[in-house]
Amino acid sequence: MFLKTVIVGFLLGVTQLCFALEPERSVIQILIYRQEPDWSAPWRFDAVQRAGGSGFVIKGKRIMTNAHVVSWCRQIIVRKYQDAKPYLAQVEYIAHDCDLAILTVEDESFFDDLPPLEFGEMPKVRSTVVTYGYPAGGEEISYTRGVVSRIEMSPYSHIGNRRLLSVQTDAAINPGNSGGPVVQDDRVVGVAFQGIQGLENTGFFIPPTLIQRFLKDVEDKKYDGVPLAGVNITSLQNPAYRALLKLPDNNLGARVDRIRPKTGASEVLRPDDVVLRIGEFPVASDSTILFQGNRVFCALGFQFGQSGDSVPVQIWRDGKAQDVKVKVTAAMDDQPEGNQFDVKPRYFIFGGMVFTPLSRDYLRNAGREGSDSSGAELTYELFFRSREDPSSAREEPVVLSSVLSDAVNANFSVRGRMLVDRINGIRIEKLDDVIRAFETSTNAQDVIEFGKHRSIESLDHAEATRANPNILKTYGIPKDRHL
Amino acid sequence: MKISSASKRVLAVAAVYDRRPATPPRTFGAHRAPLQNRFVKPLLLVLLFTCGTALTGLAQNPSAWEKSVVNIEVARKSYDYYQPWNRRNDRSAKIGLVVGERQILVTAHELSDHTLVRLQKNGRGKWFNASVAWIDYHANLALLTTDDATFWSDLRPADLNGKPPGEGAKLQIVRWREGKLENRQAEFTQFTVRQSELSGISHVQMELDSEIKGAGWGEPVITDSRVIGITASQAGRSCKVIPAQFIRGILEARRAGNQRGLGYFHFYWQRAENPASLAHLKLSGEPRGVLVINVPERPDNQPQVLQPRDIILQIDGFDVDMQGDYVDPEFGSLMLENLATRGKWAGDDVKLKIWRDGKPFDVTYRLPKYEFANSLVPLGVYDQPPDYLIVGGLVFQPLTVPYLQRWGAEWERTAPFRFNYYRDNEATKTNPSLVILSQVLPDKFNIGYQEQRWFVVDKVNDRRVTNLTELNEALQKPKGEFHVIDFTPNESLQRIVLAAGETERTATARVLERFGITTAIQITPKKAAAN
């Protein structure tokens with residue numbers, strides 16, 4: 001089930017604190033100025049937006065907050081309570097998949113009177129937690145108290161294509177709370193990060209396991225990501241299926257349904273293997289493990305360590321149990337399917353045609369996802385083709401995002417939003433191929449083929465080459481490419 | 001005939017990447033008043049009576065049309081594709097036109113799956129039982145008749161020889177309304193080539209502008225004393241009309257014993273407005289013609305005569321311009337798709353002049369017959385209940401557009417993305433149609449699968465399955481004690497295993513009993529030469 005999740009962050013006013021107690025002294029207000037690119041005109045940025053969130057002081061003179069609070073930032077200002085002075089901060093590490101970030105402050109005296117908060121253990125369901133932060137609806141620091149409602153794997157909406165462990169609480173988590181600590185017994189047991197549109201009394205926070213994993217991940221000064229095994233495990237409860245696999249009817253074991261190619265799982269697992277145990281956790285037939293008293297989807301078992309770790313897995317194959325090790329990695333090849341941050345979109349412009357890699361950001365920016373035939377084709381290409389028909393999938397599908405009007409392309413019927421199939425006979429597997437296809441052309445006309453029906457447009461190569469600098473100048477584009 | 005060029009351009013732009021012309025979303029009866037409002041409610045009747053009299057303009061010879069226009073009432077079965085074993089009763093009201101010896105012309109719309117068709121003349125009085133003598137869903141036309149001689153005694157065939165009207169011509173739409181012949185003004189707008197109401201085929205249609213409400217059910221459109229078409233649909237003030245010329249051609253072919261059905265151009269083309277593309281293809285002379293871009297596998301076994309990058313210069317002797325239009329002697333400028341139906345039938349040859357490799361060629365294109373099964377996801381299913389197969393509570397159905405339309409008015413956006421995406425694909429020999437798991441009716445037999453649905457079946461017991469007959473055959477050959485059902489790759493579930501044999505048969509029987517379903521298998525055999 002996919003719930004529509006919505007990030008809570010943003011919104012703030014000036015704060016004047018005159019009274020506070022521990023640990024709120026270490027809760028930080030974060031103001032940011034951000035600017036996001038326009039994916040359909042990738043050299044351009046949208047208007048600067050002001051937004052706000054929360055954070056808290058951790059060991060080593062650092063501030064922890066959410067990745068979504070500081071993504072695409074142009075400037076970060078942090079303020080501590082009872083202090084009007086704005087301090088400039090910078091992102092030291094950012095983890096878009098688990099929505100965490102660590103900031104440093106230029107003037108280290110900022111931390112002088114701020115004791116770092118300590119992390120606690122995973123809170124128990126039904127126990128009470130307090131959130132601290134600077135949410136919308138007022139100026140002062142805000143506390144909300146609630147109980148831990150449940151602990152399970154949920155979609156992380158910042159990245160958009162990950163399900164990780166998260167904790168649900170009925171403590172109000174509102175825009176501006178993002179990045180603020182969730183506290184129990186004076187220890188941080190979570191970082192508030194998202195809510196669900198349309199549901200009341202449901203806020204989510206990032207649990208200590210993910211926070212600790214993140215802190216360990218960056219010990220080597222770089223962030224790799226939450227490791228994944230690359231396997232889709234489904235429940236195995238039908239007696240006939242269990243009988244076919246000669247599996248005892250003991251409510252244990254979930255089935256390997258699909259394996260992502262070129263992953264650790266593809267090396268040792270096969271479809272119809274039955275996963276009996278992941279690490280220390282026995283896997284139940286509904287594909288869950290029991291984690292600290294909570295039934296949680298078993299993929300969690302692969303997510304505790306670091307990229308490159310091997311996780312011991314017990315499987316059932318050919319009627320008997322076997323032990324294997326599955327290498328887990330922080331997969332980055334599915335980035336275009338998720339939201340991307342802080343990296344300017346790549347593009348190449350020739351003859352007024354703007355080529356850019358197809359991505360979730362591009363589709364969202366272009367709007368009308370899948371609602372017309374070309375939108376549907378792009379949606380299929382990005383999210384479905386590599387799974388349904390891997391032999392025809394491209395490494396990095398390229399889209400003609402727009403056509404900058406000029407005499408050289410005035411006769412085009414295509415105006416953009418088309419999947420590029422071939423240019424001058426070269427099949428376009430990635431953006432580099434576009435450049436190669438144009439730059440090695442010896443034909444009088446360049447021929448570009450689009451989409452599954454292979455409609456074509458052509459350009460006079462010499463004219464287009466001559467026109468390109470003027471087109472860039474006319475539209476104020478600094479360079480014909482960003483790669 | 002002068003054609004409004006502004007609205008035509010809109011059409012042509014949409015046609016660039018798709019051989020099918022743009023059509024507004026299908027309405028399937030959205031614009032009609034419920035039957036009881038039109039015939040039964042006495043209060044409304046009084047009101048309408050007054051309005052009707054006030055608004056009705058008198059035709060030159062009103063009594064003439066009273067002898068040619070009849071009311072039609074259709075009782076029909078309708079189906080719920082979510083629960084394909086269920087049937088409902090529906091009623092439709094239509095208008096018919098006497099066109100010949102014991103022949104009444106109607107549109108095919110909402111005539112399918114009829115259980116009883118009745119006729120009423122003079123707008124009142126006795127209803128006569130009728131039968132459907134002929135129906136063609138692609139042409140959206142049908143002929144009704146009745147054996148009752150008294151019905152025909154004072155009726156007179158209408159003259160279908162109306163000439164195409166000029167721009168802004170004043171026309172009338174005629175129908176029975178509360179026992180009176182209603183005669184409403186309509187203004188001719190344009191001729192366009194549009195997709196037929198019930199089919200993927202395109203042919204010339206007439207657009208009218210009128211204040212009439214609830215039309216589009218076969219009302220004749222007249223000028224002077226002749227019929228120039230019958231209405232096929234209405235959206236807002238705009239009525240789509242099947243022109244008399246198109247109707248005459250089909251009726252004459254039928255009379256001559258030629259009922260091969262409508263053909264079409266089974267390839268994709270785009271406009272040739274980019275001179276650089278024409279230069280690349282070495283076309284000499286003025287820019288003209290259209291570019292063939294995609295030539296899918298033919299549905300018949302005829303050889304392919306076209307290939308991508310051919311430029312079509314002439315079709316059936318008509319020059320094709322770079323917008324893809326030709327000048328029709330009767331209707332003026334029309335999109336080239338119409339040349340597949342202009343006096344031509346499925347299986348006929350059409351002469352094409354094409355440009356290939358820098359030289360002109362003459363080729364002969366044999367028109368394939370338009371069948372719903374030519375698409376991977378058939379657009380229509382008529383005169384048969386929805387096919388389904390239930391095994392142990394798992395419900396399998398063919399993927400069809402009527403199934404997707406069950407998602408409601410916004411089905412093109414709200415039905416599962418992949419199913420909608422597949423609609424754009426042609427049927428091929430290796431991939432002729434799709435079978436889906438549409439739902440699981442819960443039973444202890446299928447525990448663990450009860451939330452699974454909307455997967456495309458790939459193989460059952462290692463045999464490839466593309467239709468329910470193949471599925472049924474594959475289920476006769478279990479793998480030992482099990483059925484192994486593989487779905488095409490997806491994110492949720494790729495395989496289901498069920499117990500085969502006695503356990504399965506008992507479970508299926510139990511599911512049928514519990515959910516009140518009479519039969520586990522409903523498969524309509526393929527008709528050899530269906531319309």
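The chains referred to below are lettered A, B, ... by the order of the sequence lines, with proteins before strands, and numbering in each begins at 1.
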Measure [X] against the heavy atoms of chain B and call it side chain, backbone, both or neither at under 4.5 Å.
| X | answer |
| --- | --- |
| A:D286 | neither |
| A:L459 | backbone |
| A:A410 | neither |
| A:E463 | neither |
| A:R255 | side chain |

Nearest 0.5 Å, please: how far is [atom2] in [Y] from [atom1] in [X]?
| X | Y | atom1 | atom2 | answer |
| --- | --- | --- | --- | --- |
| B:L291 | A:R454 | CG | CZ | 13.5 Å |
| B:N274 | A:Q445 | CG | CD | 9.5 Å |
| B:R418 | A:F383 | CZ | CZ | 12.0 Å |
| A:S235 | B:L493 | OG | CG | 8.0 Å |
| A:H453 | B:I293 | NE2 | CD1 | 7.0 Å |
| A:T379 | B:Y421 | OG1 | OH | 10.0 Å |

Take atom CD of B:E451 as the centre, draw a 6.0 Å sphere, and report whether it contains more than 12 heavy atoms from other residues, nucleotides or ligands. no
More than 12 heavy atoms of other residues, nucleotides or ligands under 6.0 Å from CD of A:E439: is that the case? yes
Between B:N425 and A:K452, does any side-chain donor sit less than 3.5 Å from a side-chain acceptor? yes
Donor-acceptor pair between B:E273 and A:N411 side chains, under 3.5 angstrom: no
Could you please spell out the steps behind the side chain to side chain contact (heavy atoms under 4.5 Å, CB included) verdict for B:Q494 and A:T234? CA-CA 10 Å; B:Q494 298 191 173; A:T234 62; over 6 Å; no
With under 30° as parallel and over 60° as perpendicular, where do the rings of A:F384 and B:F417 fit, or are they tilted in between? parallel
Select, from [options], the one with the greatest count of heavy-atom pairs under 4.5 Å involving chain A.
| options | value |
| --- | --- |
| B:P489, B:P275, B:G480, B:A500 | B:P489 |
| B:R309, B:K479, B:E481 | B:R309 |
| B:P308, B:A279, B:G448 | B:A279 |

Do you know which of A:R387, A:Q237, A:E449 has the most heavy-atom pairs under 4.5 Å to chain B? A:R387
Portion of [X] that has a non-hydrogen atom of chain A nearer than 4.5 angstrom:
| X | answer |
| --- | --- |
| B:E491 | both |
| B:I496 | backbone |
| B:Y422 | side chain |

Minimum heavy-atom separation for B:A499 and A:A240, please, with both atom names. N-CB, 3.2 Å
Minimum heavy-atom distance between A:N232 and B:S492, given as atom pair plus value: ND2-O, 3.9 Å
Are the side chains of B:N490 and A:R258 in contact, using a 4.5 Å heavy-atom criterion? no
Do A:N238 and B:V497 have side chains that get closer than 4.5 Å, going by heavy atoms? no
Decide, yes or no, whether a salt bridge links A:D257 with B:R495 under the criterion of side-chain N to carboxylate O below 4.0 Å. no
